[in-house]
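Just below is one structure, and these are the notes that go with it.
Note that ligands are numbered from 1 as they come in the structure, with each ligand's atoms numbered from 1 the same way.
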Amino acid sequence: MEVGGGVIETWLKKHRMLYIRATKHPLILSIRDGTIDFSSFKRWLGQDYIFVRAFVPFSASVLLKACKESDNSSDMEVILGGMASLNDEIAWFKKEASKWGLELSTIVPQKVNQEYCRFLESLMSPQVEYTVAITAFWAIEAVYQEGFALCLQDGSKTPPELKETCQRWGNDGFGQYCRSLQNIANRHLGKAPPDVVARAEVALLQVLELEVEFWNMSQG
Ligand SMILES: Cc1ncc(CO)c(N)n1
């Protein structure tokens, strides 16, 4: 509702090309036009399960920072809601993997995935400000929401086997959650000192670049 006119919107305009590379990646477009190679999807599924497991402690660290550093108690509730759906998401990955005949325990994280997980770990440090961490947190969720929502639009030819995956991140509820995160990030960016704002922008760019590489990796 408040979304618009904040620091985030300025950054999305400034870094539009990179944002589009992350949200309209050829792999996402191939899901939407139905030409996706299922072996790419399976590679993505296995790697993303590992990523999501690393995303859980990162989310917990953002929650902890919100409790310590935010002046608004609703921040904690929004982040907690996201964590609750992560619980469901992990169960979903297990079910989906068995559907595709993937043995999750045998999956080895690829280099890009390791890098992304290390980046999350670096943001978990207590020295990283809440404003920086929540900006990265928002970006990680928003890229998936925007990408997968594209695959659900009218006229998309998403294969029926992949509809559920697209629904998971592309649904309206997840979209609303991302807008809440965006509002939170904007509110904190609006009152943060310039050095913190600069670090949040760097974190956003790192997320977008890692997201592009994550899709590239999945495409093989
Ligand atoms: C790589 C990646 N980025 C973002 C999300 C969630 O938004 C995810 N599950 N995986």
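- Between Tyr177 and Phe174, the ring planes are tilted. Angles from 30° to 60° get that label.
- Counting heavy atoms from C-beta outward, Asp37 and Ser30 have side chains that stay 4.5 Å or more apart.
- Interatomic distance, Glu164 CD to Lys95 NZ, rounded to the nearest 0.5 Å: 4.0 Å.
- Near ligand 1, Asp48, Phe51, Val52, Tyr116, Ile140, Glu141, Tyr144, Trp169, Glu211, Phe214 each place a heavy atom less than 4.0 angstrom from the ligand.
- The aromatic rings of Tyr130 and His188 stand perpendicular to each other, their planes meeting at an angle above 60°, with 30° marking the opposite boundary.
- Side-chain atoms of Tyr49 and Arg53, non-hydrogen and from C-beta on, do get closer than 4.5 Å to each other.
- The aromatic rings of Trp215 and Trp44 sit parallel, their planes meeting at an angle under 30°, below the 60° perpendicular limit.
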